[in-house]
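Notes follow once the structure below has been shown.
These figures come from a predicted structure and were not determined experimentally. Proteins come first, then strands; the chains are lettered A, B, ... in the order of their sequence lines, and each starts at number 1.
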Number of protein chains: 2
Amino acid sequence: MSQDGVGVDLETSLGYLLKEASSTLRAAMEEVLRPLGLSVTRYACLELLAQRPGLSNSELARGAFVTRQSMNVLLQALEREGYVTRPAEAPVGKVLPTRLTPRGRRSLEKATVAVRSVEVRMLAGMTETEQSDAFRILRRMIHSLRDGNDGS
Amino acid sequence: MSQDGVGVDLETSLGYLLKEASSTLRAAMEEVLRPLGLSVTRYACLELLAQRPGLSNSELARGAFVTRQSMNVLLQALEREGYVTRPAEAPVGKVLPTRLTPRGRRSLEKATVAVRSVEVRMLAGMTETEQSDAFRILRRMIHSLRDGNDGS
DNA sequence: TGACTCATGTCAGCATTCTGACATAGGTTG
DNA sequence: CAACCTATGTCAGAATGCTGACATGAGTCA
């Protein structure tokens, strides 16, 4: 049907499928996080802070795949709502290390349960081998896109 | 490091990796599309119309993974700029079939070249087997998330 | 036919994320 | 030391996408 060399066939495009998968996952996560008053990005931020306390705004931004400006407004909101704390002045340089408050930790615990259920559902239809294949392949795609090795 | 049962370990989370891959791909596409005055969503819309002329607003929205409201404003912009046309009145029902203009088609051609280069780069580091594995696995993930088969 | 349900197009308001810009801290190099 | 480069935090404005809401057209069913 009219794909005579013109155009990227979306039905067979891995990029398109990747976008679909990511979009579907995001929707599933938003759905279970919404009742908890969290968005996916907010959850990602809290989870990052739980695993590596003291991360800076810019580090959190890179970890959540948004700009540091976006993470900044997000952090200001989280701080205002009492989920995280940042020192008023930087202990060294300009970097403000961020930490979870007890309230942030409690909220994250509930969110983690919800998110884990989504991840379990996603993995349910896959064998162990497929899961490790998925890891390897996705990592390779990321690496190729970043370092621009086009095989030349 | 501090993941004693609490939290989803982001380093080993397939969902996180999927988000990273999708984010990296999107950035790479935005980069090559920007000089052409197109965003990823606009490009997706044009590509869909090239492959299936006459798609409606809602169908385009589903194909580009945005709401029909978002696609509506996008289509209005594309129409204003002369990339697509829609009849003033619906030939049947409320559905307005959209079509590319010659200008839209020309713009899409350049965009397709750019996007294809990104896709090629992404696939460069993968064998044929890995590519078909990636397809199968991503499709399975999408299906599991949508139909909610949690293995119970 | 009339009531009901569903999908669609569209408007309005809000939330989120982005780009652009600036000042500042730290490291590097002449 | 001074010039330079990079990274960071932050503000402002614009672009983008979402939810809520409404009216309308088409199909279904009693």
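Between A/Thr41 and A/Val92, the residue anchored nearer the 5' end of DNA chain C, judged by the nucleotide with its closest heavy atom, is A/Thr41. The residue among B/Arg26 and A/Pro97 whose nearest nucleotide of DNA chain D is located toward the 5' end is A/Pro97.
Within the structure, a side-chain polar atom (N or O) of A/Ser70 is placed less than 4.0 Å from OP1 or OP2 of C/dC18. Contact annotation: B/Thr67 side-chain N/O to D/dC18 OP1/OP2 distance is under 4.0 Å. Taking 4.0 angstrom as the limit, A/Asn72 places a side-chain polar atom (N or O) nearer than this to OP1 or OP2 of D/dT10. Side-chain nitrogen and oxygen atoms of B/Arg68 include none within less than 4.0 Å of the OP1 or OP2 phosphate oxygen of D/dT19.
Within 4.0 Å of B/Arg42, counting heavy atoms only, lies no atom of the nucleic acid at all. Note on A/Ser39: nothing from the nucleic acid sits closer than 4.0 angstrom, heavy atoms only. Counting any heavy atom pair closer than 4.0 Å across all strands shown, A/Arg34 reaches sugar-phosphate atoms only and no base atom.
Rounded to an integer number of Å, the gap from CE of B/Met71 to P of C/dT10 is 13 Å. Note: CG (B/Leu60) to C1' (C/dA7) measures 15 Å, nearest angstrom. Going from atom CD of A/Glu89 over to atom C1' of D/dT8 covers 16 Å, rounded to whole Å. A straight line from CG of B/Leu74 to P of C/dT10 spans 13 Å, rounded to a whole angstrom. The separation between A/Glu30 atom CD and C/dA15 atom P is 15 Å, rounded to whole Å. D/dA15 atom C1' lies 13 Å from atom CD of B/Glu81, rounded to whole Å. As a whole-Å value, the separation of B/Arg86 CZ from C/dT8 P is 14 Å. For the pair A/Glu59 CD and D/dT8 P, the computed distance is 7 Å after rounding to whole Å.
Looking at B/Ser13 and A/Glu119, their side chains do bring a donor and an acceptor atom within 3.5 Å of each other. Side chain to side chain, B/Glu109 and B/Thr112 fail the donor-acceptor criterion of an N or O pair below 3.5 Å. Side-chain atoms of B/Glu47 and B/Tyr43 include a donor-acceptor pair closer than 3.5 Å.
If you check D/dT8, D/dA23, D/dC18 against the side chain of B/Lys94, the one that comes closest is D/dA23.
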Open item on the list: Run the side chain to side chain contact (heavy atoms under 4.5 Å, CB included) test on A/Leu49 and A/Arg99 for me, step by step, so that the C-alpha distance in whole Å, both residues' side-chain angles and the decisive distance to 0.1 Å come before the verdict.
Closed with: CA-CA 6 Å; A/Leu49 284 173; A/Arg99 294 183 178 280; over 6 Å; no
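Listed here is the closest heavy atom pair of A/Met122 and B/Gly15: CE-N, 3.7 Å.
Looking at A/Gln69, its side chain has no donor and acceptor atom pair within 3.5 Å of the base of D/dG9.
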